[in-house]
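In what follows, a single structure is set out as structure tokens and then discussed.
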Amino acid sequence: MSLENPQRYTVTAALIYANGPIHIGHIAGCYLPADIYVRYLRATGKDVAFISGTDEHGVPITIRAQKEGITPQEVVDKYYVQIKRSFEEFGISFDLYSRTSKPIHHETSREFFLNLYNSGNFTEEITEQYYDESAKQFLADRYIVGVCPVCGNPNAYGDQCENCGSTLSPTELKEPLRSMLSGSKPVLKATKNWYLPLDRMQPRIEEYVNSHPEWKTNVMGQCQSWLKEGLRPRAMTRDLDWGIKVPLPDTEGKVLYVWFDAPIGYISMTKEWAEQQGRDWELYWRDKDTKLVHFIGKDNIVFHCIIFPAMLMHEGSYILADNVPANEFMNLEGDKISTSRNWAVWLHEYLDELPGKQDVLRYVLAANGPETKDSEFTWKDFQTRNNSELVGIFGNFVNRAVVLTQKFCEGKVPTRGELTGTDQAVLDELAQFPDRIGQAIEQYRFREALTYLMDLARLGNKYLAETEPWKVAKTDLPRVQTILNIALQISANLSIVCEPFLPFTAEKLRKLLNTANSTPEDPTGTAFHWINAGKSDLLPHGHGLGEAVLLFEKLEDDVINQQINKLHEAKRMNELAVKTVPEAKPAIQYDDFAKMDIRIGTILEAERVPKSDKLLKLKVDDGTSTRQILSGIAKHFEPEKLIGVQVTFLANLAPRKMMGLESQGMILMAEDRDGSLSLIGPDKAVWNGGAVS
RNA sequence: GGCGGGGUAGCUCAGUUGGUUAGAGCACAGGAUUCAUAACCCUGAGGUCACGAGUUCAACUCUCGUCCCCGCUACCA
């Protein structure tokens with residue numbers, strides 16, 4: 001059962017791996033729901049610690065470092081800064097965003113490990129692992145390359161074949177095997193590691209999981225699946241250099257398994273935060289009245305529901321997660337989001353290219369979050385939701401209320417007179433919204449909550465349509481005042497209940513209503529706390545409104561098309577990037593080279609060859625005369641832009657007719673891996689006819 | 001291969017313990033309206049609930065089988 005009336009909350013969002021930037025899938029699946037939840041809790045006056053950070057250990061970091069030719073530390077430094085900044089700009093309101101490379105985390109992890117070790121909770125096992133003798137280290141699965149047993153791809157990794165997608169183990173790979181470190185052939189070698197005997201824990205874990213029937217279907221299903229298969233001991237240390245050293249004697253070259261230390265990061269980061277705040281971290285991890293909630297994606301379910309709780313149970317002094325509302329995945333334009341294939345919308349790029357539109361993305365991702373199944377993000381949908389929902393319903397309603405007030409009530413909140421049945425019905429309905437929204441959030445049903453939020457704006461639009469104050473104004477001003485008072489109260493309520501989802505809009509709306517910090521009547525601003533949401537007297541009459549601004553702007557097609565094009569372009573480049581450099585041709589003698597007469601010339605004229613989509617007809621000044629050269633570059637260059645450019649050409653290539661025209665030579669080009677062409681010219685102007693050798 | 005989740009309107013998604021005419025938003029059609037960013041408001045059309053069997057008075061919902069998507073995870077030592 002879920003904890004009924006917690007004293008405080010510890011809310012964690014997955015520690016993301018610091019080997020790349022974050023994309024919309026991460027946000028939709030984990031960080032945005034967590035932020036909405038936390039913002040709501042704070043708005044209702046709850047004591048919350050919202051903790052997250054980067055996970056900076058493990059094999060992929062070392063691989064990334066190798067690829068980029070920098071150290072693992074440089075990799076994690078780079079991405080930690082970038083990720084942290086993106087989250088801040090996006091309004092994810094962590095109380096602390098830290099990293100697992102901090103000393104406090106290393107200490108906490110070692111201490112945790114030693115506690116388990118000293119109380120006899122680990123088993124030691126010796127297994128045979130692949131070892132690189134020249135690099136003198138054990139190889140992680142990813143570092144071993146061999147032939148895929150499924151598809152025959154000669155470059156399959158020890159954990160997975162990137163060609164056919166098969167999941168593999170290093171021992172499955174067929175010869176020849178090689179180490180990615182040195183290229184030498186790895187050998188099997190015995191090594192000792194420490195295992196957490198999950199098998200012994202099974203009854204207690206079952207009891208724990210079964211005590212939470214309220215967990216989401218996907219979460220519960222995954223847990224039961226594991227429990228049914230029977231838990232097995234799991235190694236908590238690895239033979240690797242990069243990570244937290246095992247705090248035992250004679251363990252050189254061994255570190256804590258990244259999945260052991262990562263969840264402990266939640267604890268160490270809470271400590272770090274508590275120290276900064278002068279609070280007691282233990283209350284947030286050891287008090288039975290604290291509600292612990294982990295927000296994660298579906299790939300992390302068993303670690304958070306089984307392995308981490310097992311670690312905590314063994315240790316003994318910690319509370320266990322009350323809920324783990326794992327989401328499914330978000331797809332993008334019909335395809336899986338993929339970092340390696342560069343098929344993603346990166347948060348830092350979005351913030352750059354669509355500045356000030358944090359709330360649009362927050363809205364779209366929350367409205368279409370993968371809560372019960374994989375969902376789909378498309379830019380077209382992004383545009384539609386912005387234009388017809390945020391602009392058309394939410395923004396439009398607020399704008400109508402404000403503009404009407406300026407028109408008929410001098411921009412001041414008018415007095416509310418006698419209420420009609422319609423008025424009363426609307427106010428009654430208004431009063432129900434905060435609870436409805438709040439309850440959906442508490443049940444981790446963020447999409448539903450967001451629908452209710454929009455329904456409140458719809459209620460406002462409908463109310464205006466029914467009461468038609470712009471007509472009534474001609475005959476009955478007091479009635480108009482009553483109507484607009486109510487419309488403004490609805491707007492004021494919107495500013496409260498939209499805050500968890502749309503914090504930037506909430507702020508804008510407060511300014512618009514001139515209640516940014518406080519009102520003269522309410523100097524502390526407490527009237528606008530969630531506890532007062534639903535009330536119909538948030539704005540006192542006579543209160544002057546702020547300057548009328550639009551909450552949202554329409555998004556035109558070109559903005560959207562630009563994003564779609566960019567996406568496809570990125571993917572195309574990436575596909576081409578994996579093209580390998582062509583193999584070297586057989587060796588030739590100098591004489592072979594000397595036969596080629598390569599010279600510099602200047603393009604005097606350039607025009608398309610009629611009926612040909614590839615050929616350009618060039619007139620080139622070769623120093624002695626002008627020669628005509630046909631070149632198949634029409635798809636890469638505008639003819640006009642070539643005029644006056646110096647190029648390198650092969651002068652003694654036998655003349656040849658193409659499309660009825662004679663070509664007297666060949667322009668030399670470099671081909672980029674995306675297939676685009678580059679002219680080869682001298683780095684400063686030289687005389688035409690100058691020889692290349 | 002095993003296990004888990006999913007397959008519902010043209011699109012994106014809801015559907016609580018089996019119970020009347022299966023819902024929402026968008027898109028579409030018609031109407032109304034002009035305060036508002038051609039926005040808003042009303043009405044309508046639109047579904048063999050992946051497919052096939054079964055249980056039941058009654059199945060989107062339960063059972064079995066098949067196909068497809070996603071995730072976790074083995075074995076072929």
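All chains are named by letter (A, B, ...) in the order of the sequence lines, taking the proteins before the strands, and each is independently numbered beginning at 1.
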Protein-nucleotides 4-8 of chain B N/O pairs under 3.5 Å:
unit_1 : atom_1 : unit_2 : atom_2 : d
B/G4   : O2'    : A/Q222 : N      : 3.3

Tell me which donor-acceptor pairs under 3.5 Å the side chains of residues 391-409 of chain A have, and how far apart each pair is, sequence neighbours excluded?
unit_1 : atom_1 : unit_2 : atom_2 : d
A/N396 : ND2    : A/G392 : O      : 3.3
A/R400 : NH1    : A/N461 : OD1    : 2.9
A/T405 : OG1    : A/A401 : O      : 2.7

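- Closest to the side chain of A/E376, from the set B/C13, B/A74, B/U37, is B/C13.
- Atom CZ of A/R458 and atom C1' of B/C41 are 12 Å apart (whole Å).
- A/F408 comes within contact range of no nucleotide atom at all, as no heavy-atom separation falls under 4.0 Å.
- Of the residues near RNA chain B, A/G395 and A/P370, the one whose nearest nucleotide (by heavy atom distance) lies more toward the 5' end is A/P370.
- At a threshold of 4.0 angstrom between heavy atoms, the contacts of A/E389 are confined to the sugar-phosphate backbone, with no base atom among them.
- With sequence neighbours excluded, no residue forms a salt bridge (charged side-chain N to carboxylate O under 4.0 Å, His left out) with A/E125.
- In RNA chain B, stems built from 3 or more consecutive Watson-Crick or G-U wobble pairs, each with both distances under 3.5 Å, span B:1-7 with B:67-73, B:10-13 with B:23-26, B:28-31 with B:41-44, B:50-54 with B:62-66.
- Using a 4.0 Å heavy-atom criterion, one finds that A/K554 contacts the bases of the nucleic acid, with or without backbone contacts as well.
- Spacing between atom CD1 of A/I306 and atom P of B/U73 amounts to 11 Å, rounded to whole angstrom units.
- Residue contacts shown for A/I337 are absent, as no nucleic acid heavy atom lies under 4.0 Å away.
- In this structure, A/D35 and A/I27 have side chains that are not in contact, with every pair of non-hydrogen atoms separated by 4.5 Å or more.
- Atom pair A/L390:CG and B/A39:P shows a separation of 15 Å (rounding to whole Å applied).
- Here A/V391 lies in heavy-atom contact (under 4.0 Å) with a base.
- Applying a 4.0 Å cut-off to non-hydrogen atoms, the residues of residues 413-448 of chain A that approach RNA chain B are A/R445, A/R447, listed by residue number.
- Nucleic acid contact class of A/D381 (heavy atoms, under 4.0 Å, all strands): none.
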* Asked: Going through the checks in order, is the salt bridge (Lys or Arg N to Asp or Glu O under 4.0 Å) test met by A/D423 and A/R479?
  -> CA-CA 11 Å; A/D423 298 343; A/R479 176 66 195 138; 2.7 Å; yes
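- Distance from the side chain of A/D299 is smallest for B/G71 among the nucleotides B/A36, B/U33, B/G71.
- Heavy atoms of A/T451 sit nowhere under 4.0 angstrom from any nucleic acid atom.
- Toward the 5' end of RNA chain B, the nearer of the two residues A/F303 and A/S375, judged by each one's closest nucleotide, is A/S375.
- Under the side chain to side chain contact (heavy atoms under 4.5 Å, CB included) criterion, A/E429 pairs with A/F433, A/L459, sequence neighbours left out.
- Straight-line distance between the C1' atoms of B/G46 and B/G52: roughly 27 Å, to the nearest whole Å.
- When the C1' atom is compared between B/U63 and B/U56, the two are found 12 Å apart, to the nearest whole Å.
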